[in-house]
Amino acid sequence: MSDVRHRYLERQEPRMNIIPMIDIMMFLLVFFVLIVLHMIPDTGVPMHLPGASTAQHLPHKSLVIGISQSGLIKFEDKTMSAAELKTALEQVKKTHRLSVILAGNKHASLQDLMQVMNTVREAGISNVGIATKR
């Protein structure tokens, strides 16, 4: 009888099952990662693109050259001159078949756009498009 009483009075160490806690933490981690990825805007040069009703979606295999309102040329997150752009495009063209998309600010001058387009064609790339939004 004392043996039965001794089992009831025996203290058990409290145990916490952490496997459900790990599952919940992994779910929360995935949830927050997905939410944060949708909150981050597209990186690159902020542009106000002109609109066109006949705009078409092009594949992402194209190079994008940005032209700011003040006429600055942005390529691969670098500001460069027309001569530097031509050299960079010639280097990339050696290894890949290219198409180029010009993403000009809607307030950029037509002369700046034509200068960049001319530079792209001098580099030997004839497939040139202009980025717009619908």
Side-chain angles (χ1 to χ4, degrees):
M1 180 109 167
S2 72
D3 190 34
V4 171
R5 190 185 305 171
H6 183 40
R7 260 192 293 163
Y8 284 117
L9 297 176
E10 187 178 291
R11 280 187 93 191
Q12 291 185 355
E13 292 292 321
R15 293 185 341 171
M16 182 184 289
N17 194 355
I18 64 168
I19 293 175
M21 241 174 32
I22 292 173
D23 290 343
I24 291 171
M25 294 305 289
M26 290 300 291
F27 173 77
L28 288 174
L29 177 67
V30 169
F31 176 77
F32 285 121
V33 166
L34 290 175
I35 293 298
V36 167
L37 287 177
H38 287 290
M39 290 174 50
I40 297 173
D42 292 335
T43 57
V45 181
M47 292 281 175
H48 299 286
L49 297 175
S53 62
T54 58
Q56 296 177 351
H57 181 66
L58 295 177
H60 291 283
K61 296 178 183 177
S62 303
L63 295 176
V64 177
I65 300 172
I67 305 165
S68 70
Q69 182 175 353
S70 60
L72 294 175
I73 302 170
K74 299 260 185 178
F75 179 62
E76 295 180 341
D77 295 329
K78 297 176 191 164
T79 302
M80 53 181 58
S81 68
E84 293 170 331
L85 176 64
K86 182 179 174 185
T87 305
L89 290 175
E90 287 172 344
Q91 292 297 322
V92 176
K93 187 178 180 270
K94 288 179 183 177
T95 58
H96 298 12
R97 187 170 179 208
L98 296 178
S99 63
V100 171
I101 298 174
L102 300 178
N105 189 298
K106 68 180 177 181
H107 299 293
S109 75
L110 185 58
Q111 180 61 42
D112 293 334
L113 179 68
M114 292 309 297
Q115 177 190 3
V116 173
M117 189 178 289
N118 189 42
T119 302
V120 169
R121 290 198 175 172
E122 285 175 356
I125 301 168
S126 60
N127 193 3
V128 181
I130 298 175
T132 62
K133 63 179 180 179
R134 288 186 181 210

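Quick note: residue numbers are just sequence positions, from 1.
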Would you indicate whether Leu28, at its atom CG, is surrounded by more than 12 heavy atoms from other residues, nucleotides or ligands within a distance under 6.0 Å? yes

What is the minimum heavy-atom distance between [X] and [Y], and which atoms define it?
X: Ile130; Y: Ile101; result: C-CG2, 4.4 Å
X: Ala108; Y: Ser68; result: CB-O, 3.5 Å
X: Ala82; Y: Thr119; result: O-CG2, 3.2 Å
X: Phe75; Y: Val64; result: CD1-O, 3.7 Å
X: Glu84; Y: Thr79; result: OE1-O, 4.4 Å
X: Ile125; Y: Val128; result: O-CG2, 3.9 Å

Say whether Phe27 and Ile19 are linked into one hydrophobic cluster, either directly or through other cluster members, by side-chain heavy-atom distances under 4.5 angstrom. no

About how many Å separate [atom2] of [Y] and [atom1] of [X], when rounded to the nearest 0.5 Å?
X: Glu90; Y: Leu85; atom1: CD; atom2: CG; value: 9.5 Å
X: Met114; Y: Gln111; atom1: CE; atom2: CD; value: 8.0 Å
X: Ile24; Y: Met26; atom1: CD1; atom2: CE; value: 13.0 Å
X: Leu113; Y: Asn105; atom1: CG; atom2: CG; value: 11.5 Å
X: Ile18; Y: Met25; atom1: CD1; atom2: CE; value: 12.0 Å
X: Leu29; Y: Ile22; atom1: CG; atom2: CD1; value: 13.0 Å

Take Asn118 and Glu122, measure what side chain to side chain contact (heavy atoms under 4.5 Å, CB included) needs, and give me the verdict at the end. CA-CA 6 Å; Asn118 189 42; Glu122 285 175 356; 3.3 Å; yes

Under the rule for side chain to side chain donor-acceptor pair (under 3.5 Å), what residues qualify as partners of Ser109, not counting sequence neighbours? Asp112

